[in-house]
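First listed ligand is number 1; within each ligand, the first listed atom is number 1.
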Amino acid sequence: MTRTISVVNQKGGVGKTTTAINLSAFLAKLGYKVLLVDIDPQGNASSGFGLRVTDLEESIYDVLVDEPKQLDSIIKKTKISKLHLAPANTNLAGANIELVSMPRREFKLWDNISTISHKYDFVIIDNPPSLGILAINGLVAADEVLIPVQTEYYALEGLSQLLHTIELVRQNLKPELKILGAVMTMYDGRSKLSESVFYELYKYFPNKIFRSIIPRNVRLAEAPSHGKSIYEYDNRSKGAKAYEKLAKEIAEAKRF
Ligand code: ATP
Ligand code: MG
């Protein structure tokens with residue numbers, strides 16, 4: 001059965017895209033069929049796999065708006081054989097407004113993913129840094145939510161609002177939605193701050209913080225500029241090891 005996991009945090013720059021790209025890559029390396037769906041107008045998950053997003057003829061925007069295209073028709077292969085990508089670019093910014101007046105506006109992504117999810121073991125959704133209609137689509141389409149939390153002083157700011165939004169989605173739109181867990185990103189073991197963020201985070205997610213902690217690692221930051229996941233760019237780096245471990249942990253996690 002397909003597991004659809006949405007990578008969500010309305011806070012910007014916390015490692016959502018880095019997590020979505022590298023989790024997808026390592027799940028594919030483990031032998032799973034994976035579809036990565038980019039629903040951020042920034043298109044970082046798409047350019048991170050080497051796509052020139054400004055040149056895209058069709059993207060997830062064309063799937064979500066009026067007279068939609070089939071999701072199947074916009075999906076691209078990546079250099080990783082079991083990993084496919086549904087790309088996004090700045091066109092998608094318009095969808096924020098266009099979706100507002102459309103019927104089933106919160107269900108657009110789910111309706112579309114449902115038509116093809118049987119082809120995949122995992123669908124991973126990379127969300128924009130907001131809790132607008134796109135991210136609501138990203139939550140409604142998912143079975144499970146993965147929350148990257150940057151290990152820094154302001155990390156927990158906004159988490160209450162995020163959890164409240166997830167609860168509202170659960171009550172009104174998608175009762176089956178579950179929180180898979182939080183993953184700490186950009187962890188610096190030398191700093192006392194990292195430890196204290198862990199303890200604070202634990203109050204929000206008792207028993208739901210992944211054992212795999214993603215270190216701050218320059219190779220992870222470099223990889224997207226080469227259009228590669230860390231698995232392709234530097235499989236021996238600490239960042240690669242951490243994301244490989246996370247992928248295994250998630251693959252083995254009981255679904256609910
Ligand atoms: P946005 O909210 O804009 O979508 P995001 O949450 O998707 O951002 P990323 O784009 O993944 O965050 O990461 C933000 C920046 O930090 C990027 O430049 C990325 O390369 C870098 N980065 C992410 N994770 C790490 C890490 N573990 N070590 C070093 N740099 C990282
Ligand atoms: Mg991003």
Side-chain angles (χ1 to χ4, degrees), residues 5-26 36-51 53 59-60 85-90 92-93 95-96 124-132 134-139 142 145-159 161-162 165 182-191 193-194 197-198 201 209-247 249:
I5 301 174
S6 221
V7 184
V8 184
N9 191 335
Q10 79 276 27
K11 215 161 152 34
V14 299
K16 290 182 289 296
T17 301
T18 305
T19 298
I21 286 178
N22 294 308
L23 172 63
S24 299
F26 278 109
L36 172 59
V37 181
D38 190 354
I39 57 161
D40 182 354
Q42 297 179 99
N44 295 152
S46 311
S47 55
F49 274 109
L51 278 187
V53 290
S59 66
I60 197 77
L85 171 67
N89 62 14
T90 47
L92 191 57
N96 273 313
I124 308 294
I125 303 171
D126 184 29
N127 284 275
S130 80
L131 291 173
L134 284 171
I136 299 299
N137 266 272
L139 286 170
V145 186
L146 175 63
I147 305 170
V149 177
Q150 185 180 348
T151 318
E152 49 135 28
Y153 183 62
Y154 294 109
L156 306 161
E157 208 178 62
L159 269 186
Q161 194 197 353
L162 175 57
T165 303
V183 56
M184 294 181 70
T185 64
M186 302 182 226
Y187 190 91
D188 179 357
R190 293 164 305 182
S191 120
L193 186 60
S194 286
V197 170
F198 178 84
L201 192 61
I209 305 174
F210 282 96
R211 284 194 302 277
S212 332
I213 289 174
I214 312 301
R216 185 170 282 285
N217 177 233
V218 69
R219 307 299 270 169
L220 284 172
E222 290 167 359
S225 67
H226 298 266
K228 289 178 174 171
S229 68
I230 194 67
Y231 160 57
E232 302 157 278
Y233 181 63
D234 185 354
N235 198 22
R236 301 166 71 135
S237 62
K238 283 189 174 153
K241 300 277 177 248
Y243 274 114
E244 182 171 31
K245 198 172 154 201
L246 180 70
E249 232 184 301

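- Aromatic rings of Phe26 and Tyr231 (six-membered ring for Trp) have centroids within the 6.0 Å cut-off, being under it.
- The closest donor-acceptor contact from the side chain of Thr151 to the backbone of Met184 lies at 3.5 Å or more, if one exists at all.
- Pairing each heavy atom of Ile60 with each of Ala86, the nearest pair is CD1-CB, 4.3 Å.
- Nearest heavy-atom pair, Ile39 versus Pro128, reported as atom, atom and distance to 0.1 Å: O-CD, 3.4 Å.
- No side-chain donor-acceptor contact under 3.5 Å links Ser46 and Asn89.
- Side chains of Ser229 and Tyr243: no donor on one and acceptor on the other come within 3.5 Å.
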Next item on the list: Take Gln150 and Thr185 through the side chain to side chain donor-acceptor pair (under 3.5 Å) test and state the conclusion after the steps.
Entry: CA-CA 5 Å; Gln150 185 180 348; Thr185 64; 5.8 Å; no

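- Listed by chain and number, Thr17 OG1 are the protein N/O/S atoms closer than 2.8 Å to the Mg ion (ligand 2), with waters left out.
- Using a 4.0 Å heavy-atom criterion, the residues that approach ligand 1 are Lys11, Gly12, Gly13, Val14, Gly15, Lys16, Thr17, Thr18, Asp40, Gln42, Pro129, Met186, Ile214, Pro215, Arg216, Asn217, Leu220, Ala221.
- Between Asp126 and Thr17, the side chains place a donor N or O and an acceptor N or O closer than 3.5 Å (distance only, hydrogens not considered).
- Salt bridge annotation for Asp234-Arg219: present, with a cationic side-chain nitrogen under 4.0 angstrom from a carboxylate oxygen.
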